[in-house]
Amino acid sequence: MSALVEELAEWGDDHESSVEVFDSLSYGQRLALLEDIAGALLDPSSVSTPAHTAASEAAIYAVYKQLLALVEFELDAADSFDIRSIIRAGCYERGLKALADNDDDLEEWTWAIEDLSDQVLWDRDFEDGKMFLDAAPDHGANTDVEIDGDYFASIPRELRDPEITPTIDRLRRIGA
């Protein structure tokens with residue numbers, strides 16, 4: 001998550017993660033979601049689990065997409081196995097196919113990261129947001145899709161400008 005935080009700090013609203021729902025949020029909302037997720041993972045006794053919404057799931061998936069970007073960078077650099085070692089260890093720990101650190105097949109690493117993300121995210125419903133958000137109000141009742149009414153409609157909290165830098169600093173300190 002730290003690489004995603006650093007990119008957000010550098011690029012602000014111009015940052016794109018390739019996760020449409022996450023990228024459509026404001027800069028403050030993206031940082032707030034990352035803070036909520038990191039807090040819930042690292043200190044679950046004092047931070048409640050974020051609500052199960054399209055935005056929170058998209059934020060989690062954006063972290064996995066950032067891992068893939070780091071693998072691509074690492075493959076281009078051709079001299080480091082740090083990220084791939086972490087992914088490999090995560091796959092091994094979860095009983096998934098663990099690639100060799102020096103495997104340079106991006107497609108194989110993509111599948112490994114997708115397998116890891118599937119351990120956290122049940123599905124990719126958050127990617128279907130436009131289908132529901134642009135539909136007529138009764139459209140959801142006429143489909144076979146069963147998604148909680150607030151899943152797409154829930155709006156993440158927004159950080160005000162004075163909260164941005166302290167939030168980035170907190171995320172950096174916890175190594176998120």
Side-chain angles (χ1 to χ4, degrees), residues 1-44 46-73 83 86-87 90 109-110 113-141 143 145-176:
M1 186 181 304
S2 61
L4 181 56
V5 170
E6 291 306 321
E7 284 192 10
L8 278 165
E10 181 177 346
W11 294 99
D13 270 327
D14 293 331
H15 177 266
E16 291 188 19
S17 69
S18 77
V19 180
E20 188 176 355
V21 172
F22 185 70
D23 293 341
S24 71
L25 299 171
S26 73
Y27 179 51
Q29 287 173 317
R30 287 182 270 172
L31 286 172
L33 280 168
L34 291 175
E35 181 179 41
D36 294 346
I37 290 164
L41 288 171
L42 299 172
D43 192 5
S46 66
V47 178
S48 61
T49 303
H52 184 82
T53 66
S56 62
E57 286 193 329
I60 292 167
Y61 192 57
V63 174
Y64 285 99
K65 293 297 275 187
Q66 182 67 33
L67 275 177
L68 180 58
L70 292 171
V71 166
E72 288 182 76
F73 178 78
I83 296 301
I86 292 168
I87 295 165
W109 287 105
T110 301
I113 291 168
E114 287 295 318
D115 287 345
L116 281 171
S117 73
D118 288 345
Q119 299 290 301
V120 176
L121 300 168
W122 299 337
D123 53 37
R124 301 282 189 278
D125 285 346
F126 60 88
E127 293 176 335
D128 296 332
K130 285 192 175 202
M131 178 172 61
F132 294 99
L133 294 176
D134 294 338
D138 65 343
H139 178 74
T143 68
V145 179
E146 292 183 32
I147 298 176
D148 203 11
D150 291 338
Y151 181 78
F152 289 112
S154 179
I155 299 171
R157 70 184 171 97
E158 175 76 67
L159 297 179
R160 288 176 262 133
D161 286 343
E163 298 171 297
I164 299 286
T165 300
T167 299
I168 291 171
D169 291 342
R170 276 192 303 279
L171 286 167
R172 285 175 172 152
R173 273 193 310 276
I174 62 174

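One-based numbering along the sequence shown.
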Side-chain contact test, heavy atoms from C-beta onward, threshold under 4.5 Å: evaluate it for [X] versus [Y] and give yes or no.
X	Y	answer
Glu6	Arg172	yes
Arg30	Val5	no
Ser56	Asp36	no
Ile155	Thr53	no
Val71	Leu67	no
Phe22	Lys65	no

Minimum heavy-atom separation for [X] to [Y], with atom names?
X	Y	answer
Ser26	Glu158	OG-OE1, 2.6 Å
Gly28	Ile164	CA-CD1, 3.8 Å
Ala59	Ile37	CB-CD1, 3.5 Å
Val21	Ala54	CG1-O, 3.9 Å

To the nearest 0.5 Å, tell me how far [X] [atom1] sits from [Y] [atom2].
X	Y	atom1	atom2	value
Ile86	Leu116	CD1	CG	11.5 Å
Asp13	Leu25	CG	CG	10.0 Å
His52	Leu121	NE2	CG	8.5 Å
Leu171	Leu31	CG	CG	7.0 Å
Leu70	Ile83	CG	CD1	4.5 Å
Ser117	Glu57	OG	CD	10.5 Å

Exercise. Is Glu35 salt-bridged to Arg157, going by a charged N under 4.0 Å from an acidic O?
Worked result: yes

Under 3.5 Å donor-acceptor, [X] side chain and [Y] backbone:
X	Y	result
Tyr64	Ile113	no
Asp23	Ser18	yes
Tyr151	Phe126	yes

Exercise. Run the side-chain contact (heavy atoms from CB on, under 4.5 Å) check on Asp125 and Asp128 step by step: do they pass?
Worked result: CA-CA 5 Å; Asp125 285 346; Asp128 296 332; 4.2 Å; yes

Exercise. Should the heavy atoms of other residues, nucleotides or ligands under 6.0 Å from CD of Glu72 be counted, would the total exceed 12?
Worked result: yes

Exercise. If you draw a 6.0 Å radius around CG in Asp123, do more than 12 non-hydrogen atoms from other residues or ligands fall strictly inside?
Worked result: yes

